[in-house]
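What follows is one structure encoded as C-alpha cells, with my remarks underneath.
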Amino acid sequence: MNSLISSFSFNSSGSPQKWLLLIFLTGILGACTQKGSSNNTVQLAPDYAAITVDDDTAKQVTEQVPDEDCAEHIKKITCVSDSDDSIYDNSCSTSRVKPEQHKALLKLANEMPPFHKKVFCNLNRIQIQDSLFSAAYAGLIRHDRKLIGTFIGVRGSIIMGKEATSGDFDTWKEQLNYGLSTQKDPTLKVSPLGPTAKESAKDHHPFFAYFVHELNHLIDQMNSANNFSDECVEVPGKKDWLRCKVPEQSFHHLSWGPEEVIYNGEDYENNSDWPIPWAEKYPALKELCYYVCKNPVSLDLIPAIYKELNESDFLTPYSTQSFMEDFAEASTVWAMYKNNIPYLLEVKDSKGKILFSSAEHTQSLSVQQKLKWIDDFFSRKDLKYHPLY
C-alpha cells in the first residue's frame with residue numbers, strides 16, 4: 001500500500017477518480033506522500049489536497065478564533081509562500097501580503113453567494129503562492145486523522161486579475177486534452193486547431209467560478225456529500241480489486257452509480273483497467289483527461305465528445321474527471337443560478353461553432369435533477385462551513 005500511495009502526485013498519469021477513491025475508501029487521508037515544512041500531504045486531485053499537520057501547527061489551527069469581521073479575518077489569515085506545491089507552509093509570511101491583495105480578497109468574498117462567503121470568511125488560511133502551477137487549490141487540514149481546518153492556495157496574479165484572461169486560461173485548460181497546450185507553459189499558449197472555452201460570471205472576478213469551485217471541495221468533505229461505505233469485497237478473478245458499496249444518499253449515485261470498483265494493488269501506474277460507470281454510454285467523453293493525459297485525445301473526437309456531453313448530466317466538461325470534480329463543478333453552476341449571478345460556460349470548435357453552452361445544457365431534465373439534489377443538499381440546516389464550528 002505504501003508504494004502505491006507514494007505514487008500520487010500532481011502529475012499523476014492515471015485518472016483522478018482512481019486515486020481519490022482509494023484514499024477515501026481505505027481511510028488513509030493522513031498518509032504521507034510529499035513533505036512541506038513539517039507537514040505531510042496527500043494530493044487528492046490537481047486542485048485538492050489533504051494536509052496532515054504536526055502537533056504545534058494543529059494547536060495553532062484549533063486555537064484560532066474566527067473574527068466576525070470578514071475583512072479583519074482575511075488580513076489575519078492571508079500569507080505569502082514561496083512553495084510551488086499544494087502544502088500548508090509553516091514559513092508562509094503574513095507581512096509579505098500587499099494591501100491591494102487584502103482588498104482584492106475582500107472584494108471577492110463580498111461577491112460570494114452567502115454560504116460560500118461564510119466558508120471563505122472562516123478559512124484558516126489563504127496562502128498566496130506566486131510560483132504555484134495551478135490557478136488555485138483547496139486544502140484540508142488534518143491532525144490525528146481528524147479534520148480540523150480548511151485553507152486555499154492561490155497564485156497572486158489570479159487574485160489581482162493580472163493573469164491572462166479567464167477565456168485564455170479556460171481554453172488552455174480545455175486544450176490540455178488534445179495536446180495543444182502544455183501544463184508547464186507560463187504563457188498559456190492556445191492553438192487555433194482545438195476547442196476554445198470561456199467560463200464567466202458577469203460583473204464578478206474573472207476567476208470567480210474557480211474560487212467557488214475550490215470552496216465546494218471543502219464543503220463536500222466537511223458535509224459528506226460524497227461518502228462511502230467500508231463494505232468492500234474482492235472481485236472474483238481480479239487480483240487486488242475490491243468492489244465497495246456507496247451509501248444511497250451520496251452524490252456519487254447520480255452519475256457514478258451505487259458502487260465503486262477500486263484497485264488496491266502495488267502496480268498502480270501500469271494498471272489501465274479502471275472501470276468508469278458511464279464509459280459505455282459515453283465512450284468519447286471518457287477520453288477527456290486534462291491534467292493527467294498520457295496521450296493527446298484525437299482532434300477528430302471533438303464533435304463526439306461535446307455531443308455526448310450535451311446528452312449527459314455533467315454540467316461542465318471537467319465534471320467528468322471524478323465524482324469530486326463533478327460535485328464541485330455542479331455546485332458552482334448551482335450557486336451561480338441560485339444567487340442570480342449571470343453565468344455562462346461556452347465551448348466552441350475551431351470554426352466558432354458552439355459545441356457546448358451551459359445556458360442550454362442546464363435546461364435538460366437530467367441536469368435539472370442533479371441541480372435539485374444539490375439544492376436539497378445546500379438547504380440542509382446542519383451544513384457545516386468549518387469542521388470545528
Side-chain angles (χ1 to χ4, degrees), residues 9-17 43 45-49 84-86 129-137 153-201 205-211 213-214 284-309 314-322 325-326 328-329 332 344-358:
S9 67
F10 183 87
N11 292 316
S12 170
S13 60
S15 168
Q17 76 185 72
Q43 196 76 42
D47 67 337
Y48 189 23
D84 59 0
D85 283 328
S86 307
Q129 298 171 241
D130 287 329
S131 56
L132 186 68
F133 162 64
S134 58
Y137 66 92
V154 60
R155 281 209 309 264
S157 55
I158 295 289
I159 293 172
M160 297 309 300
K162 293 180 180 178
E163 189 65 53
T165 67
S166 59
D168 289 344
F169 188 91
D170 295 334
T171 295
W172 170 85
K173 177 182 173 183
E174 198 70 13
Q175 289 191 1
L176 288 176
N177 293 290
Y178 308 98
L180 302 177
S181 295
T182 62
Q183 290 191 40
K184 296 295 185 179
D185 179 8
T187 65
L188 304 178
K189 288 192 295 288
V190 297
S191 167
L193 300 176
T196 60
K198 184 171 184 179
E199 185 174 39
S200 64
H205 190 286
F207 289 89
F208 183 71
Y210 283 74
F211 284 95
H213 173 105
E214 302 305 337
L285 191 58
K286 77 175 179 63
E287 297 300 316
L288 290 177
C289 48
Y290 291 93
Y291 301 103
V292 295
C293 296
K294 287 184 177 179
N295 298 298
V297 178
S298 171
L299 293 175
D300 294 337
L301 276 179
I302 288 176
I305 286 172
Y306 298 99
K307 178 179 182 294
E308 290 180 3
L309 179 64
F314 295 117
L315 276 86
T316 71
Y318 194 59
S319 298
T320 61
Q321 296 306 284
S322 74
E325 300 298 354
D326 189 8
E329 289 285 273
T332 297
L344 180 66
L345 170 63
E346 277 191 347
V347 181
K348 298 180 180 180
D349 66 14
S350 59
K351 296 180 181 179
K353 178 184 177 182
I354 296 177
L355 298 169
F356 175 82
S357 170
S358 61

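Annotation for Ala197 and Thr171: closest pair N-OG1, 2.8 Å, computed over non-hydrogen atoms. In this structure, Val154 and Phe211 approach most closely via the heavy-atom pair CG2-CZ, 3.8 Å. The two residues Glu308 and Ala284 make their nearest non-hydrogen contact at OE1-N, 3.1 Å.
Asp130 is linked by a salt bridge (charged side-chain N to carboxylate O under 4.0 Å, His left out) to nothing, counting only residues two or more places apart in sequence or in another chain. Checked against side chain to side chain contact (heavy atoms under 4.5 Å, CB included), Asp84 has the following partners two or more places apart in sequence or in another chain: Ser131. Phe208 is linked by a ring pair (Phe, Tyr, Trp, His ring centres under 6.0 Å) to His204, counting only residues two or more places apart in sequence or in another chain. The side chain to side chain contact (heavy atoms under 4.5 Å, CB included) check on Lys353 picks up Asp349, with sequence neighbours excluded. Evaluation of the side chain to side chain contact (heavy atoms under 4.5 Å, CB included) rule for Lys173 yields Tyr210, Tyr290, Tyr291, Tyr318 as partners, not counting sequence neighbours. For Ser191, the side chain to side chain contact (heavy atoms under 4.5 Å, CB included) partners two or more places apart in sequence, or in a different chain, are Gln175, Leu180, Leu193.
To the nearest 0.5 angstrom, Ile159 atom CD1 is 7.5 Å from His205 atom NE2. The OG1 atom of Thr332 sits 8.5 Å away from atom CD of Glu214, with the distance rounded to the nearest 0.5 Å. The line from OG of Ser200 to CD of Glu346 is 8.0 Å long, rounded to the nearest 0.5 Å. Interatomic distance, NZ of Lys286 versus CD of Gln321, reported as 12.0 Å (0.5 Å rounding). For the atom pair Asn177 CG and Asn295 CG, the distance stands at 12.5 Å (nearest 0.5 Å). To the nearest 0.5 Å, atoms OG (Ser357) and CG (Leu344) are separated by 5.0 Å.
Panel note: side chain Ser358, backbone Leu345; a donor-acceptor pair is recorded below 3.5 Å. Here the side chain of Ser181 pairs no donor or acceptor atom with the backbone of Leu176 at under 3.5 angstrom. The main-chain N or O of Thr182 is found under 3.5 Å from a side-chain atom of Trp172 such that the two form a donor-acceptor pair. With hydrogens and angles ignored, the 3.5 Å screen pairs no side-chain donor or acceptor of His213 with any backbone N or O of Glu325. Distance alone, capped at 3.5 Å, places no donor-acceptor pair between the Ser350 side chain and the Gly194 backbone. A donor-acceptor distance shorter than 3.5 angstrom exists from the side chain of Thr320 to the backbone of Pro317, with no hydrogens or angles considered.
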* To do: Please test Leu288 against Ile305 for side chain to side chain contact (heavy atoms under 4.5 Å, CB included), starting from the C-alpha separation and ending with a verdict.
  => CA-CA 8 Å; Leu288 290 177; Ile305 286 172; 4.0 Å; yes

* To do: Check the pair Tyr137 / Leu132 against side chain to side chain contact (heavy atoms under 4.5 Å, CB included), numbers first and verdict last.
  => CA-CA 10 Å; Tyr137 66 92; Leu132 186 68; 3.8 Å; yes

* Step by step, work out the side chain to side chain contact (heavy atoms under 4.5 Å, CB included) result for Glu199 and Asp170. => CA-CA 7 Å; Glu199 185 174 39; Asp170 295 334; 3.4 Å; yes

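Relative ring orientation between Tyr306 and Tyr178 is described as tilted, the plane-to-plane angle lying within the 30° to 60° band.
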